[in-house]
Amino acid sequence: EAGVTQSPTHLIKTRGQQATLRCSPISGHTSVYWYQQALGLGLQFLLWYDEGEERNRGNFPPRFSGRQFPNYSSELNVNALELEDSALYLCASSSESGWNTEAFFGQGTRLTVV
Amino acid sequence: QKEVEQNSGPLSVPEGAIASLNCTYSDRGSQSFFWYRQYSGKSPELIMFIYSNGDKEDGRFTAQLNKASQYVSLLIRDSQPSDSATYLCAPTTGNYGQNFVFGPGTRLSVLP
């Protein structure tokens, strides 16, 4: 069974541009989570989607946005890129919104803003 | 107040010793508590989770939960150099169910 897949693996953008990151959850998983991990720092919660709806949002500016498609895949968009947006962006998925459901992580997209 | 707090470390223990990793959380509505391990440059992977007060053992790992004190810990017995990683605590919060908000992580170094 395929795990959580993210694309692209690496992405280099110029300040002010837009970046689009993609995530395919494990088959059957309906929840998708996005996290930002800057170098040497912890996981910062960005967004949580479930059944196509945004369930929660972390403390990030509106230029960070996303969506979840009918097939439960998800897209993270970052507009007006800033140098400090350079980080590893991790996507995770889980099978249902129950209290004891594990989240599985993808390998991440390394975004570099120059 | 931060939602989830962990000592950033690094926590250094000799090989074969017990490593104790602690986590406190602010949301009393948290029901389940997940421990993930993250090796440098890799994605987090689940070690175990706990949702009842008390201890839960899985191999060399024991999770301990005290909801009254809003405290959860992870003990690693017979620590090995391969256990050297960052350990992330994630209480699940929110009215809907799962909302994984991770702590900053504790970096563990097991010295041979």
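The basis for the numbers below is simple: all heavy atoms, side chains too, and nothing from hydrogens, waters or symmetry mates. What you are looking at is a predicted structure, and each value in this text was computed from that prediction instead of being measured. Letters go in sequence order (proteins before strands), and every chain restarts at 1.
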Nearest 0.5 Å please: distance from the CG atom of A/L90 over to the NZ atom of B/K42.
12.5 Å

From A/E102 CD over to B/F34 CZ, what is the distance, rounded to the nearest 0.5 angstrom?
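The CZ atom of B/F34 is 7.5 Å from CD of A/E102, to the nearest 0.5 Å.
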
Side chain, backbone, both or neither of A/Q44 within contact of chain B (heavy atoms, under 4.5 Å)
neither

ILVMFWY network linking B/L75 to B/Y25, side-chain heavy atoms under 4.5 angstrom
no

Is there a path of hydrophobic side-chain contacts, each under 4.5 Å between heavy atoms of I/L/V/M/F/W/Y residues, joining B/L11 to B/V110?
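Yes: a chain of side-chain contacts under 4.5 Å links B/V110 to B/L11.
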
Any chance [atom1] of [X] has more than 12 other-residue heavy atoms, nucleotides or ligands included, within less than 6.0 Å?
X	atom1	answer
A/N71	CG	yes
A/L83	CG	yes
A/L41	CG	yes
B/R60	CZ	yes
B/R107	CZ	no

What part of [X] gets closer than 4.5 Å to chain A, counting heavy atoms only: side chain, backbone, both or neither?
X	result
B/I50	neither
B/E45	neither
B/P44	both

Exactly one of B/V101, B/L88, B/T86 should register a side-chain contact (heavy atoms from CB on, under 4.5 Å) with A/L43. Which one does?
B/L88

Please evaluate residues B/F102 and A/Y35 with respect to the criterion ring-ring contact (aromatic ring centres under 6.0 Å, His included), reporting the C-alpha separation (whole Å), side-chain torsions for both, the decisive distance (0.1 Å), and the verdict.
CA-CA 10 Å; B/F102 286 83; A/Y35 299 89; 5.3 Å; yes

State whether the side chain of B/S43 and the backbone N or O of A/F105 hold a donor-acceptor pair below 3.5 Å, judged by distance alone.
no

